[in-house]
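First up is the structure itself, then whatever we jot down about it.
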Amino acid sequence: MARERSYFLEPLEGYPGAVDPEVRDRLHAAWAALVEEGDAAAARDALRELAAGGAGLPPAEVLAAEVDFAGGDLAAVVRRLVAVGDATPTYTASQLLLGRAAELAGDVPLAYAAYRAVASRSRLAFQRTGELHPRALEIVGNRLHEALKAGHLDEAGRHLDLLRAWAPDETSTLDAARAVALARGDLAAELAAVKRLSERRAGDTALLERRAELELSVGDPGAGLKIVEGLAERHPQDPALAEKLAAAKFHWRLSLLPQAVRDIGARPDLTRADLAVLLYWLVPQVRYAKPSEGRIATDVLDHPQRDEIVRVVNLGLLDLDETLHRFSPGAPARRAAALRAMERLLQRFGAAACLADGAANPQPSQSPACDLAARCGLLAADDDCRPADPLAGSEAVEMIRQTLKLLGRS
């Protein structure tokens, strides 16, 4: 115990509450007997007397924990003092002993947290905090990634909270924040992490490209476009960057549209009315072409997007129930319907070679909409089409962008 003497502070050290002078004297005497003479029995007697007198004070718990520590029962020390630390986090005598017991028991993050809580009050706690800092961050970071692998996002979030409290500006914390954001699908949180990481890893092109993508989708589209322009200027022969630049310009133009349209483009599931709005606002030909038909949808007369729906219907881009003359604006939009709309756009406003009957189909399927998507490159190569699935705003926007390329607009 002599080696651990510096961790055995008088139980009242740093305690913020009021204590009766007689109880104070009794605690001091029992503590002195324990640390100076190794008399654990005297300390236990004092604790029994205090308990019988109804003096259930945190300093008595600290003294009891010191007796447990002297007897080698580190688990008992931790059990007692975690609760005390939660109630009085800057209680020096409690946190210093808790830190040491946790450290000896192998729980480095708990030890670090306890020492850190009183580092400004104790030179020893300050020293141990600095020494344990790298290992504590490493362990919590490993726990966070294990939680993510297991799909335990709430647990990973708690580990991230610790890292942010302990080391908000360290690269490992920013990497962890990005990993959690990716697992949650939180693009705004991922952007916040990627922005700071890209500032520290200026040569990481992949990270910079991801920042540009995120800026264009949930951040500052102008900043995203500027990043891609810079990358394209440095690598003028890179076709992938040329394609990214074209996409960046398109998304920047999208950012100039009314907020209601931008909101639709970010929705996870679109309605048929939403799809009509995107077609109207993103395809200039739709806004300015003269409709060839005069069909009326009886269920959109009072709809807030009536004008957009009527224009799209009368250009023949989206279907109308010919019997009931209903458009069903609130019904879910399906990927197949969007792809059919793209085909009709190409037929009406262009002459894309991929529309020809004899055009090669690299991925033949039993769905005409999917065949068209494969022939015309309306979907990414790794997209399996899924024609009956609901349509996301981002999917619709990308289909329209690819269609505009085929129409000679980028």
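All heavy atoms count here, side chains included; hydrogens, waters and symmetry mates do not.
Under the 4.5 Å side-chain criterion, counting only non-hydrogen atoms from C-beta, Leu27 is in contact with Val23. At a threshold of 4.5 Å between non-hydrogen side-chain atoms, the residues Pro221 and Leu254 do not count as touching. Contact check for Pro16 versus Thr90: no side-chain heavy atoms found under the 4.5 Å cut-off. Between Asp20 and Arg24 there is no side-chain heavy-atom pair separated by less than 4.5 Å. Under the 4.5 Å side-chain criterion, counting only non-hydrogen atoms from C-beta, Leu270 is in contact with Leu278. Counting heavy atoms from C-beta outward, Leu207 and Arg178 have side chains that approach closer than 4.5 Å. Residues Leu241 and Glu209 meet the side-chain proximity criterion, which asks for heavy atoms closer than 4.5 Å. With a 4.5 Å cut-off on side-chain heavy atoms, Ile139 and Tyr112 do not count as touching.
Summarising the local packing, CG of Asp154 is surrounded by 12 or fewer heavy atoms from other residues, nucleotides or ligands at distances under 6.0 Å. Within 6.0 Å of CZ in Arg287 there are more than 12 heavy atoms belonging to other residues, nucleotides or ligands. Residue-environment remark: CD (Glu22) stays at or below the threshold of 12 foreign heavy atoms within 6.0 Å.
Of all heavy-atom pairs spanning Arg200 and Glu170, the tightest one is NH1-C, 3.8 Å.
Ion pairing of Glu190 with Arg210 is present here, as a side-chain N (NZ or NE/NH1/NH2) and a carboxylate O approach within less than 4.0 Å. One finds a salt bridge joining Glu243 and Lys405 here, because a Lys/Arg side-chain nitrogen approaches an Asp/Glu carboxylate oxygen to under 4.0 Å. Looking at Arg196 and Glu199, no side-chain N of the basic residue comes within less than 4.0 Å of a carboxylate O on the acidic one, giving no salt bridge. We find that Arg272 and Asp319 are not joined by a salt bridge, their nearest charged nitrogen and carboxylate oxygen being 4.0 Å or further apart. A salt bridge links Asp175 to Arg201: at least one charged side-chain nitrogen sits closer than 4.0 Å to a carboxylate oxygen. For the pair Glu343 and Arg340, the salt-bridge criterion is not met [side-chain N within less than 4.0 Å of a carboxylate O]. The pair Glu229-Lys226 does not count as a salt bridge, with every side-chain nitrogen at least 4.0 angstrom from each carboxylate oxygen. With respect to Asp68 and Arg80, a salt bridge is recorded, a charged nitrogen being found less than 4.0 Å from a carboxylate O.
Of the inter-residue distances, the one linking Leu339 atom CG with Leu379 atom CG reads 5.5 Å to the nearest 0.5 angstrom. Once rounded to the nearest 0.5 Å, the distance linking CG of Leu404 with CE of Met342 reads 9.0 Å. Atoms CG and CG, from Leu163 and Leu137 in turn, are 6.0 Å apart once rounded to the nearest 0.5 Å. In this structure, CG in Leu63 is found 4.5 Å from CG in Leu47, a value given to the nearest 0.5 Å. Note: Glu398 CD to Leu378 CG = 9.5 Å, rounded to the nearest 0.5 Å.
Not a single donor-acceptor pair under 3.5 Å links the side chain of Glu215 to the backbone N or O of Leu225. A donor-acceptor pair under 3.5 Å is formed between the side chain of Glu395 and the backbone N or O of Ala392. In terms of modelled atom types and a separation under 3.5 Å, the side chain of Arg135 and the main chain of Val108 share no donor-acceptor contact. For Arg262 (side chain) and Ser255 (main-chain N/O), a donor-acceptor pair under 3.5 Å exists by modelled atom type. Checking side-chain atoms of Thr298 against main-chain N and O of His325 turns up a donor-acceptor pair under 3.5 Å. Arg5 contributes a side-chain N or O that, together with a main-chain N or O of Phe8, makes up a donor-acceptor pair within less than 3.5 Å. Side chain of Tyr115 to backbone of Arg100: a donor-acceptor contact under 3.5 angstrom is found. Between the side chain of Ser217 and the main chain of Glu213, a donor-acceptor pair closer than 3.5 Å is present. In this structure, the side chain of Trp166 does not engage the main chain of Ala136 through any donor-acceptor pair within 3.5 Å.
Legend: residues meeting salt bridge (Lys or Arg N to Asp or Glu O under 4.0 Å) with Lys195, ordered by chain and number and at least two apart, are absent. Remark: His251 pairs with no residue by the ring pair (Phe, Tyr, Trp, His ring centres under 6.0 Å) rule, at least two apart or across chains. With sequence neighbours left out, the side chain to side chain donor-acceptor pair (under 3.5 Å) criterion links Arg267 to Asp274. Tyr15 is linked by a ring pair (Phe, Tyr, Trp, His ring centres under 6.0 Å) to Tyr91, counting only residues two or more places apart in sequence or in another chain. Considering only residues two or more places apart in sequence or on other chains, Trp252 meets the ring pair (Phe, Tyr, Trp, His ring centres under 6.0 Å) condition with none of them. For the side-chain contact (heavy atoms from CB on, under 4.5 Å) test, residues two or more places apart in sequence or in another chain that qualify with Ala297 are Asp299, Val300, Leu320, Phe327.
Looking at Glu146 and His159, their side chains never bring a donor and an acceptor atom within 3.5 Å of each other. Between the side chains of Thr173 and Arg164, no donor N or O sits under 3.5 Å from an acceptor N or O.
The distance between the ring centers of Phe69 and Tyr7 does not fall below 6.0 angstrom.
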